[in-house]
Each structure stands twice: as structure tokens, then as C-alpha cells.
Amino acid sequence: MKIISVEPYKFIHQPNKFPENPYKHFVFAGRSNVGKSSLINCLLNRKLVAKVSKAPGKTISVNFYLVN
């Protein structure tokens with residue numbers, strides 16, 4: 001699959017605000033500081049799509065991206 005563009009779609013802090021849309025979703029869940037953001041960046045062949053930090057617990061929202 002060739003990825004042409006990746007753009008942030010929504011950053012949600014409350015579960016009742018999740019977007020209702022026709023897009024397919026892939027979920028990456030796990031403990032703090034195990035490499036979820038690094039995995040997303042690697043799969044998308046980008047460096048700065050998902051922010052990576054050495055300190056655990058930096059992401060406090062559910063992040064949605066549009067990938068084409």
C-alpha cells in the first residue's frame with residue numbers, strides 16, 4: 001500500500017465525542033511507553049505523525065488521522 005498523505009483528523013478527550021464517520025479504524029492500545037506512537041510512525045513511513053516522547057503518559061487523548 002502506498003501512503004500518499006497523512007493528516008490529523010481529530011483529537012478526542014472524552015469517549016462520547018468520538019466521530020461517527022464511514023472510515024475504517026485501526027486501534028493501537030497498550031501500556032505507557034511501549035512504542036505505540038513509534039509503531040504508527042513506522043507503519044506510515046513518517047517521523048512526526050504521532051508524537052514520540054521518552055516520558056511515559058504524554059498522550060492523554062484518542063488521536064484520529066486520515067490516511068490516504
Minimum heavy-atom distance [X]-[Y], with the two atoms named:
X     : Y     : value
Arg46 : Ile4  : NH2-O, 3.3 Å
Ser37 : Lys51 : OG-O, 3.3 Å
Lys36 : Ala29 : CD-C, 3.6 Å
Pro8  : Tyr65 : CA-CD2, 3.7 Å
Asn33 : Pro56 : CB-CB, 3.8 Å
Ile12 : Lys17 : CD1-O, 3.5 Å

Transitively linked via ILVMFWY side-chain contacts under 4.5 Å: [X] with [Y]?
X     : Y     : value
Leu39 : Val52 : no
Phe11 : Ile60 : no
Tyr23 : Val62 : yes
Phe26 : Leu44 : yes

**Report entry** Straight-line distance of Ile40 CD1 to Phe28 CZ, nearest 0.5 Å
**Finding:**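 Ile40 atom CD1 to Phe28 atom CZ measures 5.5 Å (nearest 0.5 Å).
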Query raised in the report: Got a second to check how far Lys10's NZ is from Leu66's CG, nearest 0.5 Å?
Result: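 It comes to 10.5 Å.
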Requested in this report: Verify, without hydrogens or angle tests, whether Ser53 (side chain) and Ala55 (backbone) share a donor-acceptor contact under 3.5 angstrom.
Outcome: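 Between the backbone of Ala55 and the side chain of Ser53 there is a qualifying donor-acceptor contact (under 3.5 Å).
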**Report entry** Main-chain N/O of Ser5 paired to Asn68 side chain as donor or acceptor, under 3.5 Å
**Finding:**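 No; zero donor-acceptor contacts below 3.5 Å.
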Query raised in the report: So which of Ile3, Val6, Leu43, Val67 actually passes side-chain contact (heavy atoms from CB on, under 4.5 Å) with Val49?
Result: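 Only one of Ile3, Val6, Leu43, Val67 forms a side-chain contact (heavy atoms from CB on, under 4.5 Å) with Val49, namely Val6.
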